[in-house]
Every structure is written in C-alpha cells, then in structure tokens.
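A short write-up of the structure that comes next.
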Amino acid sequence: MQLSYFLQLLLNGTVAGLGYALIAIGWTILLGMARLVNFAHGTMYMLAAFVTWYLMRMQGFEYLPAILVSCLVLAVLCIVMQHMMARQIQTQDLTSIMIITLGISYILTGAAGLFFGGTPQNIASPLRALRLTVGDVRLTGLDLTIILVTLIIYAAVWLVLRRSRIGAAMRALAEDGKLAQLYGINPALLLGGIFAFEGASVALAAGLIAPRAPILTTMGFQEVILTFVIVVIGGIGSVPGALVAGLAIGIFISFFSALVSSAFALSAVFATLLVFLVARPSGFGKGI
Amino acid sequence: MTTGAAVMSCRDVSVRYGASVALHDMSLDMHRGEMIGVLGANGAGKSTFVNALAGWSRGAAAVSGEISLLGRSIARVKPHVRFRSGVALVSEGKNVFGRVSVSDHFRLIRIPAPEDTRFRVTADEIFELFPRLAERRSHLGGQLSGGERQMLALACALLSCPRVLLLDEPSIGLAPMIVTELLQTVRRLVDRGLPVLLVEQNAEAALKVVDRVVLLETGRKVLEGGREVAGDSRIQDAYLGKRKE
Ligand SMILES: Nc1ncnc2c1ncn2[C@@H]1O[C@H](COP(=O)(O)OP(=O)(O)O)[C@@H](O)[C@H]1O
Ligand SMILES: [Mg+2]
C-alpha cells in the first residue's frame with residue numbers, strides 16, 4: 001500500500017470516527033451520569049439533520065444558524081422526553097425507558113416521513129465545498145470542522161466534569177441522587193441539563209456529519225447502534241473512552257471497507273464488540 | 001442557654017410509610033445555642049423524624065404537620081432547597097459519595113452570602129477542626145475511614161452555613177475516643193450558637209453533651225426534658241436495652 005493511500009484511509013477513518021464520537025457524547029453523559037438510555041438517539045440524529053435541512057432549504061437560514069436552532073429544538077425535545085418518563089427515571093426502570101424511547105423513535109421516524117417526505121435530501125453545507133490538501137491527502141473544510149469541533153467538545157466536557165461544580169454534582173448524582181439532595185443539588189434540574197445536552201449534542205453532530213451524505217428519514221439505526229457500541233467499548237459513560245472507541249471504530253471501518261469489504265464492515269465491528277465484551281467487560285475507560 | 005424565638009420548630013408532624021405510621025404527632029422547638037438529643041431504641045422513629053425535618057427520605061415517606069424555619073413554613077419545600085435555606089442533615093449510614101473526592105465534596109456546597117442569622121464557618125476553620133480532611137483532599141470518599149467520612153459529611157454540612165444542624169447517629173461504627181472528640185467538636189459549635197439535633201444510640205455519650213433530651217418509643221415522644229431526665233427509668237431501659245443486644 002502506498003503511504004499516501006494509507007494516510008488517506010487513516011484520515012477518512014479519523015474524520016468518521018470522531019464523527020461517531022461526537023454523535024455518541026450525549027449518550028455517554030446520559031448513561032455515565034444519569035444511568036439512563038435513549039434508543040431514540042439515532043432518530044434524533046435524523047430529525048436534527050432534517051430540521052437543519054428544512055431551515056436552510058425552506059426557511060432561508062444560513063448553515064450555522066440552522067444548526068443552532070436545530071440544537072435548540074432537539075434540546076427541548078429531550079427535555080419533553082425527560083418529563084414524559086419522569087416516573088420511570090425516578091425508579092430507574094430501564095426496561096420501560098428502553099421501550100418508551102424506542103416507541104418515541106418510531107413515532108419520530110413516522111412523523112418525519114410524513115412531514116419531510118421520502119426522498120433523499122442534501123444539506124448544503126458551505127464547508128463541504130472547501131477543499132484542502134496536505135501532501136497527497138485530501139479533506140474538506142467540513143472534515144476539518146468535524147475533527148476540531150469534536151476535540152473541542154470532548155475537551156470541554158472533560159474539563160467541566162473534572163474541574164467544575166457541575167461536574168462534581170453530576171458525579172454525585174450518578175452515584176446517589178438521594179444523597180445529592182442533602183448537598184443542595186437539584187437532581188431534576190441537573191437531569192434536565194443532561195437531557196438538553198443529549199439533544200443539543202446529537203443535533204450539533206447531525207449538523208456537521210449529515211451533510212457528508214444524502215439524508216433520509218429512515219436513517220438513524222446505524223447511528224444508534226454505533227453509539228451503543230462506542231459507549232460500551234468506551235467503558236459505559238467514560239468520556240475519554242468514548243472518544244478513543246469512536247476513533248478506533250472509524251479507523252477500523254475505513255481500513256476494513258477499503259481492504260476487505262465495505263458490506264461487512266459493520267458486521268466486523270460487531271464481531272469485535274463481542275470479542276471485546278467477552279474479554280474485557282468493563283471497556284477501555286475507567287470512570288470519567 | 002437558649003435565647004429568643006425558635007429557629008426551627010415542628011408541630012404535629014406525622015410520617016407514614018405506605019399504610020404504616022412511623023411517627024405520630026411530633027412537636028419540637030429548636031433554639032439558638034441549644035443541643036437536643038433524640039434518643040430511642042432501634043426502629044423508634046428517630047431517623048424518620050430528622051429526615052422529615054429535612055424533607056428527605058430514601059424511601060417513600062409521607063409527611064404531614066407543620067415545619068417552620070425562622071417562623072416561615074418549609075413543610076412543602078424540597079430537600080435541596082431546605083438545605084440551601086439552612087437545614088443541614090448528616091444522614092444515617094452512607095452520607096458521603098464514594099466516587100467523589102474530598103475537595104469535590106466541598107465544591108458541591110454553595111456558600112451563601114454573608115447574613116447574620118446564619119452560622120458561619122470558613123473553609124480554613126473546617127480544616128482546623130478536621131485536619132485529617134486537609135491531608136486527604138484528593139482522596140475519594142470511598143477511600144476514607146468511617147470516622148473520616150463522618151467528619152467529611154459534617155464538614156460539608158457546616159460549610160453550607162446552616163441555621164440548624166441535624167445529626168443522625170454520627171457515632172455509628174466509630175471508636176469511643178473518636179465519638180467523644182466528635183461530640184465535643186459539635187458541642188463547641190453549639191456554644192457558638194448553632195442549634196443541633198443529635199440522634200444518638202449511644203445515650204451515655206449523648207447525655208454528656210446535650211441540653212435537652214427527647215425520648216421516642218414506637219414513633220411517639222414519651223419523654224422530654226433537661227439532662228436531669230438521664231435518671232428516668234425509661235431512658236435507663238432504652239439504654240440498658242441497647243447494651244443487652
Ligand atoms: N423507607 C422506609 N420504608 C418503610 N418503613 C420504614 C422506612 N424507613 C423506616 N421505616 C420504618 O419506620 C420505623 C422507624 O424507623 P427509623 O426512623 O429508621 O428508626 P430509628 O432511626 O429510630 O432506628 C421502623 O419501624 C422502620 O421499619
Ligand atoms: Mg435511625
């Protein structure tokens with residue numbers, strides 16, 4: 001293999017992998033800090049992509065404001081979900097939460113199909129047109145943005161969790177929500193923040209990643225599954241773990257698709273996941 | 001020792017867990033500079049009572065009756081808000097976070113703006129009171145000894161500038177010497193004005209430091225009085241009953 005080809009595959013994998021990590025950050029926090037799951041995560045990614053597309057195409061929004069509004073919409077949607085599931089969240093009834101979020105996922109897919117139609121659409125990100133070359137390796141402005149934004153978001157989240165009162169409160173909440181009240185923490189408010197972040201971060205990810213390919217209202221399954229894999233391999237709620245896992249999966253898929261078969265790339269990811277789960281059930285990361 | 005109107009008071013507070021009543025019509029006033037001991041056998045309703053004052057429960061406690069802080073009703077106020085308005089509870093059992101560092105425990109506490117009706121302890125004073133905590137700043141709660149955990153929980157409660165301090169069996173699992181030391185530390189805070197409600201299974205240790213005693217039996221107040229009630233047969237029974245266990 002030529003070096004430039006190798007580097008190109010590595011870069012493609014890095015962009016894709018950091019993209020997966022960006023999609024997964026909300027879930028990582030949701031699971032790590034609140035011990036909750038959201039199987040509507042992938043559908044929310046789809047919805048955010050269409051909200052961004054709709055705002056740009058139908059409402060004349062610029063790219064960046066469209067993403068910001070989509071972040072807001074998804075944050076509100078997640079807070080609504082939080083309130084719908086308040087009782088199940090209180091009792092940590094994960095089975096019901098899984099079913100409710102799956103239900104919401106199907107409803108959102110249906111609603112999006114009705115509203116946005118069944119044809120593939122393209123989000124016209126101006127960053128895509130920006131072509132950069134480093135030696136023989138090519139990337140778009142959008143690729144570079146994905147890399148930078150993901151690294152910045154992960155660094156910011158890590159700093160907030162490690163160095164701020166909110167981070168300490170989240171770790172307290174994750175460990176013992178009842179006891180947290182005796183330290184002046186409002187669990188419902190903090191949980192609202194976590195849900196809002198889950199929605200906003202998946203919308204940000206969609207705004208940056210979805211323009212790379214045509215979007216369909218039926219998409220979302222691959223995103224939720226990859227997120228799940230990243231969160232598990234990353235060590236259930238570990239922030240650095242999710243970043244490393246996302247990156248590893250992206251690079252793996254890039255090389256596997258190019259050198260072996262793109263049709264089986266996802267199957268190979270799952271095979272690796274199974275091996276991983278059997279061999280190292282606790283994942284890469286230790287805590288956050 | 002006590003001065004002026006009650007800082008915190010409760011009237012006819014009852015607590016139910018589902019159908020069973022764990023506390024019946026409890027009334028009590030707490031004054032500045034006063035330390036009240038709540039005594040009683042296991043299951044008498046002591047924790048149920050202090051938890052109700054803090055509006056807090058690990059289970060599903062239904063509280064009725066009136067609870068007020070500085071004359072204002074707080075009966076419907078959520079526990080985290082009660083804490084911020086000055087009701088600090090060091091709960092029984094697990095009362096620190098195992099996976100949160102000592103310094104992050106302190107970071108959790110929002111220190112209120114200066115106000116003379118609140119008891120003020122600075123972080124420096126806390127470390128003076130509990131030098132062990134200063135040494136263990138970077139340790140996780142789960143890495144501390146039982147005594148250090150009690151100190152940490154107490155230190156966090158004090159850092160919040162409480163108007164009242166509720167302590168639920170702080171001596172459980174501690175060596176007798178540490179218990180004496182801890183209770184004397186608390187007594188000095190009381191002498192500086194902080195009202196303290198102390199739930200204690202160790203009646204002998206409690207009676208050395210409290211001003212007043214309330215005895216609970218199966219969810220009812222059966223005795224209330226000054227330290228002189230120590231000789232009362234019911235206290236003796238409760239205490240001796242413990243010793244036989
Ligand atoms: N979460 C709960 N759910 C149901 N019953 C409880 C709960 N907590 C305490 N009780 C019951 O209430 C009574 C008083 O308990 P508690 O207040 O813990 O007593 P104490 O602190 O004096 O040992 C006991 O009979 C106990 O079994
Ligand atoms: Mg008790």
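Chain A is the first sequence line, chain B the second, and so forth, proteins listed ahead of strands; every chain is numbered from 1.
With a 4.5 angstrom heavy-atom cutoff, B:V96 touches chain A via backbone and side-chain atoms both. Heavy-atom distances place the side chain of B:R84, and not its backbone, under 4.5 Å from chain A. Neither the backbone nor the side chain of B:K78 comes within contact range of chain A; no heavy atoms are under 4.5 Å apart.
Under 3.5 Å, the side chains of B:S9 and B:S68 contain a donor-acceptor pair of N or O atoms. Between the side chains of B:T48 and B:Y17, a donor-acceptor pair is found at a separation under 3.5 Å.
The candidate with the highest count of non-hydrogen atom pairs below 4.5 Å against chain A, out of B:N95, B:V100, B:I109, B:L159, is B:N95. Ranked by heavy-atom pairs under 4.5 Å with chain A, the list B:G98, B:A157, B:A88 is led by B:G98. Chosen from A:A169, A:P187, A:A180, A:A172, the residue pairing most often with chain B at heavy-atom distances under 4.5 Å is A:A172. For the options B:G55, B:S57, B:G141, heavy-atom pairs under 4.5 Å to chain A are most numerous at B:S57.
Electrostatic pairing of B:R11 and B:D29 counts as a salt bridge here, judged by a charged N lying under 4.0 Å from a carboxylate O.
In this structure, B:R137 forms a cation-pi arrangement with B:F127, its terminal cationic atom sitting closer than 6.0 Å to the ring centre and no more than 45° off the ring axis.
Aromatic ring orientation, B:F97 versus B:H105: tilted (interplanar angle from 30° to 60°). Using cut-offs of 30° and 60° on the angle between ring planes, the pair A:W27 and A:F228 is perpendicular.
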